[in-house]
Each structure stands twice: as structure tokens, then as C-alpha cells.
Number of protein chains: 4
Amino acid sequence: MSVDLEGPEPLYRQIAAVIAGRIKNGTYRPNRAVPSEAQICEEFGVSRRTARSAYAVLAEQGLIITVPGRGTFVAPQSSEPPAGP
Amino acid sequence: MSVDLEGPEPLYRQIAAVIAGRIKNGTYRPNRAVPSEAQICEEFGVSRRTARSAYAVLAEQGLIITVPGRGTFVAPQSSEPPAGP
Amino acid sequence: MSVDLEGPEPLYRQIAAVIAGRIKNGTYRPNRAVPSEAQICEEFGVSRRTARSAYAVLAEQGLIITVPGRGTFVAPQSSEPPAGP
Amino acid sequence: MSVDLEGPEPLYRQIAAVIAGRIKNGTYRPNRAVPSEAQICEEFGVSRRTARSAYAVLAEQGLIITVPGRGTFVAPQSSEPPAGP
DNA sequence: GTGGTCTAGACCACT
DNA sequence: GTGGTCTAGACCACC
């Protein structure tokens, strides 16, 4: 769940992977908020720039959507929902 | 740990061998950075071109990987890790 | 250019009318910024909510457009431009 | 060909539009370099951050491709070539 | 020389 | 509070 500051993988990609994992395992659920950019800065100890880059990756993958002034949310039908019928 | 300026072995191969040795004996560990090209230039007193050639050899052997904008790193499962279970 | 705190007209409408006047007489020109919400607060001594309400009126009239992260601007071809051909 | 620093459109989008126009009208031709990020900074008087954002837009549209250490280039079959058979 | 990554800070509208 | 935009600076590998 943590990132490797000294590893070869860019920080923003590591963070994106961590958040993507939480979305896929149901920690963050569809139509619910993911941590704000500021919270990402705190949790991973990175600048806002890096936090935004991480979320840009996830948005490009369609996993999250951002709403100016409101926040960032897990996309409605992202990947595999944690529970079926 | 030094190089032989007058021997038959090309400088860049001598340097590559030194670095490979440090990787194999655990001085440089998997997923951690090796010295930057600039640091190689300083340590061995060589040009940047020579430093690059040395790292090209190591990359071809799969010992290191380079990541644009982040640096050069020891490959994840390179050769023998310094400590077992 | 001032507002009437005791009159029947809501503050935000009075402010909207003042700004609309400045747009129409060319004080604020097309594609140029109008005062930020914070500046409206200062100039008229109102709360941010009131400033926002005033600008909401102008946006509804098509006189201004807002761009997240950049500011608020006079619409491209708003009403009567100050100078003809 | 210039940008409006005070207009509502974000700078990076204005720059992206200018470069896209030059690609479409043949000023910049397929498989040829577009201005480097540094040149964009100079020509439009913006920071490198803004220059990169502009090129990110064009890359997303498939108009350009970037090659680390080499430069940025017009994509091979971008849009309408300026001359037919 | 090139682009890729990262930091620390700012101001804006929006809720 | 939120995200969107922008600046000024840095270090890195790559050519």
C-alpha cells in the first residue's frame, strides 16, 4: 500500500497503481469519492503536481472522474464491482 | 575498484565490470539506484560517453534498467541477492 | 456605481446591474476579465455568496463566462461593442 | 498565430490550437519536428509546464509523438496532408 | 541539445 | 473545502 521513493517506477505511477488497486478491491466504491488531491499529497508525501499526475493516469483509464469544485470519484461502472447478485 | 588506463580492455568494459561486481556482491541492491552517469564520470574520471557505454553493457546484460527522468536502477531480480531466507 | 443597502432591490441584482453597465459602456471589454469574485467582495463590501449570485445573474444573461482556474470574462460578442467599423 | 494572455481560454489550449493549425496547414510536416518545449516557452512566453500541457493535448489527439532525448514530431499520417497526388 | 519527473508555491472559480 | 491553471526552479537519462 506504500510507495518506493527510491525505486525506478515514477512516483505518480506507483500512486496510481495503489489507488487503482483500492478501486478494484472495493475499498473505494463506484460513485464514491476517492481521496482529494490534498489527501494524496499527505498520505504519500508528494507534491500536488505528482498527485495530479497520478489521478490523470486513472482518469485516462476511465477509473475515476473529476468534478471541479466537488471532488474526484470512482467511475460508475469501473472494472469489476466487488459484489455480484 | 580502479581501472587500467593502459591495458587492452576498453575503459567502458572495465567500468561495467566494476559496477557488475558491486551489484553481485550487494553493494547496489535490486530496485535501487546505481550512480548516475555524471557520478560515474567523476568516480572514474571518464567522459560521459564512456560512462554511457559502460551502462549500455550492463543494460544489455539485464543487470540494470534505466528510467527516463528518474535514473538508472539495479534490475528487480538481478543475479544473486545478497541475503536469503 | 454604489449600491443601496436599504432599498428593495437585492444586493446581488444591484451589483449585477452595475457590472452589466460597465460591460455595455465598454469599461470591461469582450474576452477580458471582469473583477474576480474576491474583488467584487471588496469593492461592494459584500460576502462572497452575494458576489457569486451577482455573477450568476450575468452568466445567465450571457454577458459573462467563467472558466475554472482562469477567471471570469466578458462574453466574446456581448451586447453592444464599444466601437464599430 | 498569437495567444491571448488575458482571454478566457487556458493558455495551453490556445498554444495547442496554434500548433495544431500549423500541422494542418502544412507548416509542420509529417515525421518532422515541431518546436521543442523550450522553443514553445520562448515563442509564447510561457513556462515549460504550460508548454508541456499544450503538447500533452496534441499527443492525446494523435497529432504529435514525443521521443525522449530526440524531440517531438508530427505524427506520420496526421489529419489532412497539405498536398495530394 | 531533447523530453520525463519532481518540488514548492501561487491565484482562480466552484460547493 | 474542491479541482483547474500557471510560474520558476531542479535533476535525470537520452541523443
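Just so it is clear: chains get the letters A, B, ... in the order the sequence lines come, proteins before strands, and each one is counted from 1. All values reported here derive from a predicted model rather than from experimental measurement.
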In terms of heavy-atom contacts, C:Tyr28 and C:Pro35 come closest through OH-CG, 3.3 Å
How would DNA chain E look in dot-bracket form, 5' to 3', counting Watson-Crick and G-U wobble pairs with both distances under 3.5 Å and writing | for bases paired to another strand? ||||||||||||||.
Tell me if a side-chain donor or acceptor on B:Glu42 pairs with a main-chain N or O of B:Gln39 at a distance below 3.5 Å. no
So, OP1 or OP2 of F:dT5: does either fall under 4.0 Å of a side-chain N or O from D:Tyr12? yes
Given atom CD of D:Gln14 and atom C1' of F:dC6, what is their separation to the nearest angstrom? 13 Å
Considering all heavy atoms, the nearest B:Arg70-A:Gly7 contact: NH2-O, 3.0 Å
Once each nucleotide of nucleotides 7-15 of chain F is scored for protein heavy atoms under 4.0 Å, what B/S/- sequence comes out, 5' to 3'? B--B-BBBB
Cut-off 3.5 Å, side chains only: do D:Ser53 and D:Thr50 have a donor facing an acceptor? no
Identified side chain to side chain contact (heavy atoms under 4.5 Å, CB included) partner of C:Val74 from the options C:Val34, C:Leu58, C:Thr27, C:Ile19: C:Val34
Smallest separation among heavy atoms of A:Leu63 and A:Ala20, with atom names: CD1-CB, 3.8 Å
Heavy-atom pair of closest approach, residues A:Glu9 and A:Gln14: O-NE2, 2.7 Å
What integer distance in Å separates D:Asp4:CG from F:dC6:P? 12 Å
When you group the ILVMFWY residues by side-chain heavy-atom contacts below 4.5 Å and let the links chain together, are A:Ile64 and A:Phe44 in the same group? yes
Given atom CZ of A:Phe73 and atom P of F:dT2, what is their separation to the nearest angstrom? 11 Å
Take atom CD of D:Glu9 and atom P of F:dG4, then tell me their distance rounded to the nearest Å. 16 Å
